[in-house]
There are 2 protein chains.
Amino acid sequence: MPRREPLNREKVLTAALELADEEGLEGLSMRRLAKRLGVEAMSLYNHVSNKTDILDGIAERVFSEVAPSDPTLPWPDQIRTVTLNMYAAFSRHPIVPLALVTDQSNPTSAQALQPLDTLAGALYQAGFDDLRTRQALGAINALLLGSLLLSTGGFTGDPQPHTAEQGVSAYIRQVDPARLPHFSRLLRHTQNGVSPAADFEEALNTLITGLITSAPQQAPDHAPEGRIDE
Amino acid sequence: MPRREPLNREKVLTAALELADEEGLEGLSMRRLAKRLGVEAMSLYNHVSNKTDILDGIAERVFSEVAPSDPTLPWPDQIRTVTLNMYAAFSRHPIVPLALVTDQSNPTSAQALQPLDTLAGALYQAGFDDLRTRQALGAINALLLGSLLLSTGGFTGDPQPHTAEQGVSAYIRQVDPARLPHFSRLLRHTQNGVSPAADFEEALNTLITGLITSAPQQAPDHAPEGRIDE
DNA sequence: ACCTGAACACCGTTCAAGT
DNA sequence: ACCTGAACACCGTTCAAGT
């Protein structure tokens with residue numbers, strides 16, 4: 001019987017990302033990945049050094065999918081577009097935020113860090129000093145990753161996806177309106193039409209509005225920027 | 001030899017939280033927990049139904065440590081204090097945000113959801129409608145959990161804690177200033193005196209500033225707001 | 001050069017058996 | 001009522017052996 005074309009790193013990473021997209025981080029095991037590639041688990045170690053290496057490779061790939069942003073935009077728009085582009089890429093591959101946050105991957109290539117560099121550049125352009133820039137960058141990152149993680153299986157006070165819709169309403173009935181009046185009102189009125197992407201965009205706009213407010217008044221550039229759209 | 005006092009759920013949860021605080025989420029296994037309690041792993045199942053039950057119990061406990069807030073404060077201060085109180089409790093027990101976000105725990109008691117109810121109440125008080133309240137609550141939650149996760153082992157473009165300080169500077173040298181000018185400036189200027197708690201407070205203030213800006217202009221004041229007709 | 005089988009040290013969990 | 005030993009179906013990874 002003809003041996004298949006031999007494996008290589010790229011094929012391993014491609015299959016790993018597919019598997020992770022279908023089954024999540026906990027579904028991505030060396031043994032299952034090998035099976036999908038028609039090989040024994042131990043063969044994978046000829047092409048990647050270990051599981052962390054796979055997760056790093058996946059993260060690098062997904063970072064490279066982040067659409068670049070126009071550097072001539074005013075700084076708030078630059079922050080908005082880069083961050084929304086990261087959100088879009090990561091929400092297609094939820095394993096990445098999860099692996100980042102559980103320290104199972106730690107990409108360090110210039111490619112991967114490019115979006116962070118753009119964000120830092122926009123913040124410096126706004127006139128923030130080093131401390132404030134680090135804080136603002138951290139805030140954007142936290143909002144981004146937190147939003148992604150909460151929209152995929154995370155805690156919102158909501159029930160887990162369960163099997164169907166009826167899980168939700170059962171849960172709502174379970175929340176005691178006497179002890180949690182506001183939260184149960186919220187649940188009752190928002191079970192329809194929840195859009196994580198739209199919610200994130202709104203959250204990001206709110207944060208950017210706050211950044212504009214706290215930015216040094218005299219913009220260091222010629223550009224009078226601070227538009228808030230709504 | 002005298003049998004020890006028998007185990008019970010409370011003892012199991014206490015030991016589990018201690019173990020998790022020392023060793024992290026991945027260090028908390030049924031077998032290691034049992035060993036710490038001087039018992040076989042299978043004994044634990046007499047007192048908890050499974051590992052998820054343990055993680056839920058831990059989350060409930062930590063939520064109950066969140067200091068309550070003064071409901072007479074203006075809504076922005078109420079949001080600030082509740083959220084900072086959650087941050088304080090969770091940063092003492094990093095397993096909780098991690099378990100929430102990986103869907104390994106899902107507390108649903110009124111006790112646990114109390115802080116979320118307070119936040120929702122403050123947002124309604126600010127005059128936000130149901131949609132905006134949900135979005136704002138999600139933003140606060142995302143910023144909170146994202147900040148906590150990033151400050152414990154997560155991705156910031158920084159290296160992992162490694163063994164020592166020298167890991168950091170080695171990493172900084174590794175970032176190419178030609179390709180990542182702003183980000184490498186940031187790393188160079190902020191390796192000293194990073195305080196996650198202070199950074200979070202700053203980030204939260206920025207978000208709250210944004211919320212104040214986008215809140216309906218006429219504050220509904222003391223007016224009884226939360227009535228739901230159905 | 002690439003792949004494999006067996007093994008090691010782990011997981012969560014079930015079940016029948018012990019006291 | 002509580003605890004245990006053996007077992008099952010998994011993990012990531014190493015290593016000597018095969019082609």
Should A:His47 be listed as having a side-chain N or O under 4.0 Å from OP1 or OP2 of C:dA1?
no
Residue set satisfying side-chain contact (heavy atoms from CB on, under 4.5 Å) with A:Thr81, at least two apart, ordered chain then number -> A:Ser69, A:Leu73
With sequence neighbours left out, write down each residue that passes side-chain hydrogen bond (donor to acceptor under 3.5 Å, both in side chains) with A:Glu40, or none if nothing qualifies.
none
Find the distance B:Gln104:CD to C:dC11:P and express it as a whole number of Å.
14 Å
Where along nucleotides 12-19 of chain C does protein come under 4.0 Å, by heavy atom, of base (B) or sugar-phosphate alone (S), with - for untouched nucleotides?
BBB-----
Atom CG of A:Asn46 and atom C1' of C:dC2: how far apart are they, to the nearest Å?
5 Å
Atom CD of A:Glu23 to atom P of D:dC10: distance rounded to whole Å?
13 Å
Any residue meeting ring pair (Phe, Tyr, Trp, His ring centres under 6.0 Å) with B:Phe63, in chain and number order, not counting sequence neighbours:
A:Phe155, B:Phe90
Round to a whole Å and report the spacing from CD of A:Glu40 to C1' of C:dT4.
7 Å
According to salt bridge (charged side-chain N to carboxylate O under 4.0 Å, His left out), who are the partners of A:Asp130, at least two apart in sequence or on a separate chain?
B:Arg185
Proximity to the side chain of B:Pro6 - top-ranked nucleotide from C:dC3, D:dC2, D:dT4
D:dC2
Under the rule for side-chain hydrogen bond (donor to acceptor under 3.5 Å, both in side chains), what residues qualify as partners of A:Asp56, not counting sequence neighbours?
none
Could you tell me how far C:dA9 sits from D:dA9 if I compare only their P atoms? Round to whole Å.
22 Å
For D:dT4 and B:Ser43 - does any side-chain N or O of the residue sit under 4.0 Å from the phosphate oxygens OP1/OP2?
yes
For B:Arg36, the side-chain contact (heavy atoms from CB on, under 4.5 Å) test, sequence neighbours excluded, returns B:Ala15, B:Glu18, B:Leu19, B:Glu22
Who passes side-chain hydrogen bond (donor to acceptor under 3.5 Å, both in side chains) against B:Asp21, sequence neighbours left out?
B:His93
Which stems does DNA chain C form, counting runs of 3 or more consecutive Watson-Crick or G-U wobble pairs with both distances under 3.5 Å?
C:4-8 with D:12-16, C:12-16 with D:4-8
Who pairs with B:Glu201 by side-chain hydrogen bond (donor to acceptor under 3.5 Å, both in side chains), at least two apart in sequence or on another chain?
none
Work out how far the C1' atom of D:dA17 is from that of C:dA1, and round it to whole angstrom.
15 Å
To the nearest Å, give me how far apart CD (A:Glu26) and P (C:dC11) are.
19 Å
List the residues meeting side-chain contact (heavy atoms from CB on, under 4.5 Å) with A:Arg132, not counting sequence neighbours, and say none if there are none.
A:Phe128, A:Asp129, A:Gln135, B:Glu202
Between A:Arg9 and A:Asp53, does at least one N-O distance fall below 4.0 Å, as a salt bridge requires?
yes
Quick one about B:Ser109 and B:Glu60 (side-chain donor to acceptor, distance below 3.5 Å, no hydrogens or angles considered), yes or no?
yes
Does any residue of residues 9-16 of chain B have a heavy atom under 4.0 Å from DNA chain C, and if so, which ones, in number order?
none
